[in-house]
Amino acid sequence: MDTRLNGSVVFVTGAASGQGKATVGLFAEEGAVVIVADRHGAAAEETAEELRAGGHDAMAVEVDVADAEAVNAAFDAVVGRYGRVDVLVNNAAVGFSENARLTMANVVDTPLEHWNAILAINLTGPALCAAAVLPRMAEQGSGVIINIASINGLVGLTGADAYTATKGGLIALTRSIAAEWSPRGIRVNCICPGGVDTPMIRAIVENPEAKKAMSATTPLGRLATPEEIAAVSVFLASPLAGYVNGAVLPVDGGYTAV
Ligand SMILES: NC(=O)c1ccc[n+]([C@@H]2O[C@H](COP(=O)([O-])OP(=O)(O)OC[C@H]3O[C@@H](n4cnc5c(N)ncnc54)[C@H](O)[C@@H]3O)[C@@H](O)[C@H]2O)c1
């Protein structure tokens, strides 16, 4: 079985940082054409340029996933250039590193405006990207969507109720899209990472005590690297995962197992 993704066009949102950046890197190594989509256009371009310098085919797209018009324009641009989209990784989200801009707190302490902004990016964003790509994938008769949720969507965790609600919603959305669209050749799955060493949890990663405490909650005793999450996206996109559909996969070092 050819497990590589030669020539597949893979659209990754939030690809200028953390797990998204690791994901475009790993897909590119597997021979895919990668679309580096991020609301930070310059950082997306920098990431795409690094990949092109390494001999890969990469295109940067500046897009705010919460902006329906911008999302449609981004997919139009990609289809205009490459003719198709084979894989969508809905990875972009705002989380704990944004606390200065968007309050990560319980429902009592989250201003409605912030609640709505977090939902728009973390839940409406993946829905808009899926809506833009599903009819095209259906026409192709093939496609893969991978949603990046979180352990926050699987178990009760305190301190970021809007974020947590979006991740639970994304798990549900994964299942409903799979139920409706898989008969047309589209597989839809969801990854739920535990703590991953990225800028999103910078406050924890850069505080040795906090990092130790978070690591201690996981049977493996450490945070994940972004590459360890990216590897699961590559697996789910590949023919090796041909019968994996509608699945919600914790990649959390065993956090939700105990
Ligand atoms: N880091 C963790 O511990 C952890 C744990 C569980 C789940 N996750 C999830 O993993 C995914 C990746 O997170 P990360 O840790 O790499 O975070 P990160 O903050 O390093 O990267 C997020 C990227 O998304 C982009 N982004 C944010 N809002 C956007 C928007 N409106 N439109 C387009 N791009 C936007 C940012 O510019 C950034 O490049 C997220 O869905 C996050 O919720 C992270």
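Remember, it's 1-based here, ligands and their atoms both numbered in the order they're listed. Please read these numbers as outputs of a predicted model, since none were measured by experiment.
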| Should Val94 and Val205 be regarded as members of a common hydrophobic cluster, given that ILVMFWY residues are connected when their side-chain heavy atoms come within less than 4.5 Å of each other, either directly or indirectly? | yes
| field | ligand 1-proximal atoms of Lys167, by part, heavy-atom distance under 4.0 Å | value | side chain
| Does the side chain of Val12 come within less than 4.5 Å of Val34's, by heavy atoms? | no
| task | Specify the protein heavy atom at minimum distance from atom 29 (C) of ligand 1: its residue, its atom name, and the distance to 0.1 Å. | result | Arg39 CD, 3.6 Å
| message | Run the salt bridge (Lys or Arg N to Asp or Glu O under 4.0 Å) test on Arg84 and Glu139 for me, step by step, so that the C-alpha distance in whole Å, both residues' side-chain angles and the decisive distance to 0.1 Å come before the verdict. | response | CA-CA 10 Å; Arg84 56 194 291 122; Glu139 211 172 290; over 6 Å; no
| query | When hydrophobic residues are tied together by side-chain contacts of less than 4.5 Å, even through go-betweens, does Met214 share a cluster with Tyr163? | reply | yes
| Atoms of ligand 1 less than 4.0 Å from Ile148 heavy atoms? | 9 (C), 10 (O), 11 (C), 41 (O)
| query | What's the shortest heavy-atom distance between Cys190 and Ile171, and which atoms? | reply | SG-CG1, 3.9 Å
| query | Do the side chains of Leu5 and Val10 get nearer than 4.5 Å, heavy atoms only? | reply | no
| message | Checking a contact table here: which protein heavy atom is nearest atom 35 (C) of ligand 1, and how many Å away? | response | Ala92 CB, 3.7 Å
| task | Could you tell me the separation between the CD atom of Gln19 and the CD1 atom of Ile191, rounded to the nearest 0.5 Å? | result | 8.5 Å
| request: Report the nearest protein non-hydrogen atom to atom 43 (O) of ligand 1: residue, atom name, distance rounded to 0.1 Å. | output: Tyr163 OH, 2.6 Å
| field | Atoms in ligand 1 flagged as close to His40, the criterion being non-hydrogen separation under 4.0 Å | value | 37 (O)
| message | Please work out, at 4.0 Å between heavy atoms, whether the side chain, the backbone, both, or neither of Ile201 comes within that distance of ligand 1. | response | side chain
| task | Flag the pair Asp86 / Val144 as yes when at least one side-chain heavy-atom distance between them is below 4.5 Å, and no otherwise. | result | no
| field | Option set Ala149, Gly18, Ala66, Ala74, criterion heavy-atom distance to atom 9 (C) of ligand 1, minimum | value | Ala149
| Side chain to side chain, Val248 and Arg175, heavy atoms closer than 4.5 Å | yes
| query | Any idea which protein heavy atom is nearest atom 3 (O) of ligand 1, and the distance to it? | reply | Val196 N, 2.8 Å
| message | Just to be sure I read this right, does ligand 1 sit under 4.0 Å from the backbone of Asp64, its side chain, both, or neither, counting only heavy atoms? | response | both
| query | Out of Ser97, Pro193, Ser17, whose heavy atom is nearest to atom 6 (C) of ligand 1? | reply | Pro193
| said: Can you confirm whether more than 12 heavy atoms, excluding those of Glu49, are under 6.0 Å from its CD atom? | reply: yes
| Where is the nearest protein heavy atom to atom 14 (P) of ligand 1: which residue, which atom, and how far? | Thr198 OG1, 3.5 Å
| field | Atom indices of ligand 1 within 4.0 angstrom of Pro199 heavy atoms, with elements | value | 20 (O)
| said: I need the nearest protein heavy-atom contact for atom 10 (O) of ligand 1: residue, atom name and distance, please. | reply: Gln19 NE2, 3.0 Å
| query | With side chains defined as the heavy atoms from C-beta onward, is the minimum distance between Ile145 and Met137 less than 4.5 Å? | reply | yes
| field | Closest approach of any protein heavy atom to atom 32 (N) of ligand 1, naming residue and atom | value | Val65 N, 3.0 Å
| field | Nearest candidate to atom 19 (O) of ligand 1, where distance is taken over non-hydrogen atoms, out of Met214, Lys21, Met200 | value | Met200
| request: List the steps, then state whether side-chain contact (heavy atoms from CB on, under 4.5 Å) holds for Thr198 with Lys21. | output: CA-CA 10 Å; Thr198 72; Lys21 188 167 182 171; over 6 Å; no
| Can you tell if the side chain of Val71 reaches within under 4.5 Å of the side chain of Val63, non-hydrogen atoms only? | yes
| field | Option of least heavy-atom distance to atom 22 (C) of ligand 1 (set: Gly95, Ala93, Ala43, Gly20) | value | Ala93
| task | Could you find the nearest protein heavy atom to atom 24 (O) of ligand 1 and give me its residue, atom name and distance? | result | Gly14 CA, 3.3 Å
| Non-hydrogen atoms of Gly194 versus ligand 1: any pair closer than 4.0 Å? | yes
| note | Filtering Val12, Asp38, Leu170 for the heavy atom nearest atom 37 (O) of ligand 1 leaves Asp38
| request: For ligand 1, note which part of Asn152 has a heavy atom under 4.0 Å away: side chain, backbone, both or neither. | output: neither
| field | Residue portion contacting ligand 1 (non-hydrogen atoms closer than 4.0 Å) for Ile121 | value | side chain
| said: Looking at ligand 1, would Ala120 count as a contact under a 4.0 Å heavy-atom criterion? | reply: no
| said: When you measure from the side chain of Asp252 to the backbone of Pro193, do you find a donor-acceptor pair of N or O atoms at a distance under 3.5 Å? | reply: no
| query | Under a 4.5 Å side-chain heavy-atom rule over Ile, Leu, Val, Met, Phe, Trp and Tyr, are Met59 and Val24 clustered together? | reply | no
| task | State the atoms of ligand 1, each with its element, that fall below the 4.0 Å cut-off from a heavy-atom position in Gly195. | result | 3 (O)
| Atoms of ligand 1 less than 4.0 Å from Val63 heavy atoms? | 32 (N), 33 (C)
| message | Could you check whether any heavy atom of Asn91 sits closer than 4.0 Å to an atom of ligand 1, since that is the contact criterion I want to use? | response | yes
